[in-house]
Amino acid sequence: MATATRVFMDEQGFLEVETPTLFKSTPEGAREFLVPSRISPGEFYALPQSPQQFKQILMCAGVDKYFQLARCFRDEDLRADRQPEFTQIDVEMSFIDREDIYALIEGLLKTIWKTALDYDVPTPFPRIPYREVMDRYGSDKPDTRYAMEIGDLTEDFAASGFKVFSGAVERGGVVKAINAKGFACVTQGQMETMTNIAKGLGAKGLAFIKVENGEWKSPIVKFFSDTEKAALIEKLNIEEGDLILFAADEWLNACEILGRIRQYTAGKLVELGKLEIPADQFNFLWVIEFPLLAFDREMNRWFSSHHPFTSPVEEDADKLETDPKSVRGQHYDVVVNGVELGGGSIRIHQPELQKTIFEDLLKLSPEVTQARFGYMLEAFKYGCPPHGGIALGFDRLIALLCGADSIRDVIAFPKTTKGSCLMTDSPAAVEAKQLRDLHIDLKVAKKAE
RNA sequence: GGGGGUGUAGCUCAAUUGGUUAGAGCGCUGGCCUGUCACGCCAGAGGUUGCGAGUUCGAGUCUCGUCACUCCCGCCA
């Protein structure tokens, strides 16, 4: 697949460029691996979380079509789909807009799926704005191989006698529900699991209706008016044997709760043989127009929902100062079968705008901005073409093609959950002389042998 | 870093309150049959129940430790 990727990218006129592995710490994103320097006592390299900044400078330098199968490093906890070192298909191009990226990546994925599985990926992929994908699927990486979409009942229950719902609407929230078709046979334990999912996301409970023997079995349905019931039947297509689950909360929470519920119930319905999710089908889509910024309540500041180099969509740019929350980014994720395969954006190429983002919105001091990103702002000053790019998780891609549940299954010599290599027994202690050369004193006691 | 779950044959799983020689399906090997195509029939191999301690007359089952996997929170710009 690496070969297929290189051949395709070469045919499209891209130049493969290697970027340094010994990079510098830019602690905005994931935790980095540090490498001590022998020649510069007390100073460190960092292994790159991605070649992001290098590739943007390549754009300034006139390499207008760059790609790399890039090794990336992140010192975070592991998961089935996360390893401390992994590979991405890293792409950046100049003088383009989003459409160019969509067309390129659709072509690449089409080629890869054809080569590996002789599977014809239909193009173009559907594009769904973030707002809509959350409304319909409760996830920014939905599995669209099954429908079970979330319904919105905010207006229908705004004046409901059921205070839990009308109260949520009064506070500016929403009322949403999902129909788990044929899941009225849900067990007590499964209901409890789902309630815990909802509570884990801050809900007080999980309202439900079981439709059995022509009857709505539910502790709350007695509060519903006939109009409200009619709205439910119509919007959720309620039939005998269905299970309806509700979330009344602020918008994002309600969406996420039902998104989790959607995934959970779909899994159970597959076990029961009442839903089919074909393993040999691949539903690709683009999720677009993510919010550029999200607010961190604890830190009381804005942070980039993607990364700080993402350009705002043009018609929202003037709202950066007045209404940062509503600014959408020119960011896009490519999603297949509930897996986020990659993401990217059209970048900021104007030094002033980049500086505004760093200093006014992200509240980095000018000194910090200069120390961490000064070389980029400097490069931008000499005239940087409009550019953008994307990175696809290569390990995830291979796992998808192989039908593997974990990227560990498609990586030679993977790390364990605790980050050690069982083959070579790394990480391991080093000799005192090596530490002296690196000007390092250890504070941890040496492990007893 | 915190919390939950899991670990039994190559794979998917079973094994009652702790109780005989740890079972089944699929797969594998051999034989037979065959108008077969998810063939059928017969036979067989395959296990230190992740590892190490402990409790017990007796541990797959209980306790502790450890390793691995997995999910959730944190983290993953």
Side-chain angles (χ1 to χ4, degrees), chain A residues 23-33 46-53 55-56 72-86 88 90 139-141 189 192-203 253 256-257 259-261 263-264 267-268 271 290-299 301-311 329 331 333 338-345 347-348 354 357-358 361-364 368-369 372-373 376 389-391 393 395-396 399 403-409 411 413-423 425 447-448:
Chain A
F23 180 41
K24 165 178 153 178
S25 177
T26 56
E28 266 299 285
R31 186 180 298 119
E32 299 159 317
F33 286 97
L47 304 183
Q49 323 166 28
S50 89
Q52 181 63 34
Q53 293 166 56
K55 70 179 179 179
Q56 289 194 242
C72 306
F73 304 86
R74 293 181 188 175
D75 188 8
E76 301 290 354
D77 284 3
L78 290 88
R79 287 275 204 289
D81 61 351
R82 272 160 42 184
Q83 283 273 306
E85 54 179 311
F86 61 97
Q88 63 187 32
D90 194 50
S139 166
D140 60 4
K141 43 181 183 187
E192 198 182 316
T193 304
M194 289 193 280
T195 305
N196 286 338
I197 292 173
K199 284 183 177 168
L201 288 166
N253 249 348
E256 284 181 346
I257 289 167
R260 293 279 185 84
I261 298 292
Q263 229 180 325
Y264 176 83
K268 293 295 164 194
E271 283 173 24
F290 284 79
L292 186 67
L293 299 159
F295 196 75
D296 185 332
R297 283 212 187 88
E298 279 178 30
M299 304 285 285
R301 67 179 189 99
W302 295 96
F303 63 95
S304 301
S305 53
H306 179 46
H307 62 50
F309 315 114
T310 301
S311 184
H331 171 66
D333 274 359
V339 176
E340 181 192 328
L341 195 53
S345 61
R347 325 296 184 187
I348 295 168
Q354 186 67 73
I357 298 275
F358 281 141
L361 288 158
L362 302 180
K363 301 292 180 204
L364 299 178
V368 170
T369 304
R372 288 189 196 156
F373 305 109
M376 268 184 93
I390 190 165
D395 315 87
R396 286 184 191 178
D405 293 324
S406 168
I407 61 169
R408 213 172 306 230
D409 297 339
I411 293 175
F413 313 113
K415 302 284 190 288
T416 70
T417 323
K418 285 191 181 153
S420 70
C421 169
L422 292 176
M423 184 72 213
D425 207 25
K447 263 191 200 164

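So that the names make sense, note that chain A is the first sequence line, chain B the second, and so on, each numbered from 1.
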Review point. With both distances kept under 3.5 Å, what pairs with B:G30, Watson-Crick or G-U wobble?
Key: B:C42
Review point. Under the side-chain contact (heavy atoms from CB on, under 4.5 Å) test, which residues partner A:Lys141, sequence neighbours left out?
Key: A:Ser139, A:Val335, A:Glu340
Study note, to complete from the structure: B/S/- along nucleotides 66-71 of chain B (protein heavy atoms under 4.0 Å) is -SSSSS
Check your understanding: Whole-Å distance between B:C76 P and A:Asp77 CG?
Key -> 11 Å
Review point. Quick one: side-chain hydrogen bond (donor to acceptor under 3.5 Å, both in side chains) partners of A:Lys415, sequence neighbours excluded?
Key: A:Glu85
Exercise for review: Heavy atoms only: give me the nearest A:Arg74-A:Ser50 pair and the separation to one decimal.
Suggested key: NH2-CB, 4.2 Å
Revision key, fill the gap. The side-chain hydrogen bond (donor to acceptor under 3.5 Å, both in side chains) partners of A:Glu256 (sequence neighbours excluded) come to none
**Study point:** Gap between atom CD1 of A:Ile357 and atom CG of A:Leu293 - 0.5 Å precision
**Key:** 6.0 Å
Point to revise | A:Asp333: side-chain hydrogen bond (donor to acceptor under 3.5 Å, both in side chains) partners, not counting sequence neighbours | key: A:His331
Practice item. For B:C71 versus B:U63, give the span between their P atoms, rounded off to a whole number of Å. Key: 25 Å
Revision key, fill the gap. When rounded to whole Å, the CD to C1' distance for the pair A:Glu76 and B:C73 reads 14 Å
Review point. When rounded to the nearest Å, what value does the distance between P atoms of B:U61 and B:U8 take?
Key: 13 Å
Revision key, fill the gap. Scanning both residues in full, the closest heavy-atom pair of A:Glu32 with A:Lys24 reads OE2-O, 4.0 Å
Check your understanding: When the distance from NE2 of A:His307 to P of B:C75 is rounded to whole Å, what number comes out?
Key -> 19 Å
Practice item. Output all residues satisfying ring-ring contact (aromatic ring centres under 6.0 Å, His included) with A:Phe303, sequence neighbours left out; order by chain, then residue number. Key: none
Practice item. For B:U56 and B:G10, measure between their P atoms and round to the nearest Å. Key: 34 Å
Practice item. Quote, to the nearest angstrom, the P distance that separates B:G2 from B:G65. Key: 14 Å
Check your understanding: Has the side chain of A:Arg260 got a donor or acceptor that lies under 3.5 Å from a partner of the other kind on the base of B:C72?
Key -> no
Practice item. Specify the residues of residues 193-201 of chain A, ordered by number, for which at least one heavy atom lies under 4.0 angstrom from an atom of RNA chain B. Key: none
Review point. If we take the P atom in both B:G74 and B:U29, what is their distance in whole Å?
Key: 50 Å
Point to revise | B:A68 to B:C42 separation - P atoms, rounded to the nearest Å | key: 45 Å
Point to revise | Between B:C75 (P) and A:Glu32 (CD): distance, integer Å | key: 17 Å
Check your understanding: Watson-Crick or G-U wobble partner for B:C76, using a 3.5 Å limit on both distances?
Key -> none
Check your understanding: Is there a Watson-Crick or G-U wobble partner for B:G47 with both distances under 3.5 Å, and which nucleotide is it?
Key -> none
Practice item. In whole angstrom, give me the gap between the P atoms of B:G50 and B:C13. Key: 15 Å
Exercise for review: Could you let me know what B:C13 is paired to, Watson-Crick or G-U wobble, both distances under 3.5 Å, or none if it's on its own?
Suggested key: B:G23
Point to revise | Nearest-angstrom distance from the residue atom CZ of A:Phe33 to P of B:C76 | key: 14 Å
Practice item. Please evaluate the base of B:C76 for a donor-acceptor partner in the side chain of A:Arg74 within a cut-off of under 3.5 Å? Key: no
Point to revise | Base paired to B:A68 (Watson-Crick or G-U; both N/O distances under 3.5 angstrom) | key: B:U6
Check your understanding: Just how far, in rounded Å, is P of B:C76 from CZ of A:Arg82?
Key -> 9 Å
Study note, to complete from the structure: What one should report as the nearest heavy-atom pair of A:Gln83 and A:Leu78 is NE2-CD2, 3.7 Å
Review point. Residues two or more places apart in sequence or in another chain: which of them pass side-chain hydrogen bond (donor to acceptor under 3.5 Å, both in side chains) with A:Thr193?
Key: none
Point to revise | Nearest-angstrom distance, C1' atom, B:A15 to B:C67 | key: 25 Å
Exercise for review: Could you tell me which nucleotide pairs with B:G54 by Watson-Crick or G-U wobble geometry, both distances under 3.5 Å, or answer none if nothing does?
Suggested key: B:C62
Exercise for review: With sequence neighbours excluded, tell me which residues meet ring-ring contact (aromatic ring centres under 6.0 Å, His included) with A:Phe23.
Suggested key: A:Phe54
Check your understanding: Can you tell me if the side-chain N/O atoms of A:Arg396 get under 4.0 Å from OP1 or OP2 in B:C76?
Key -> no
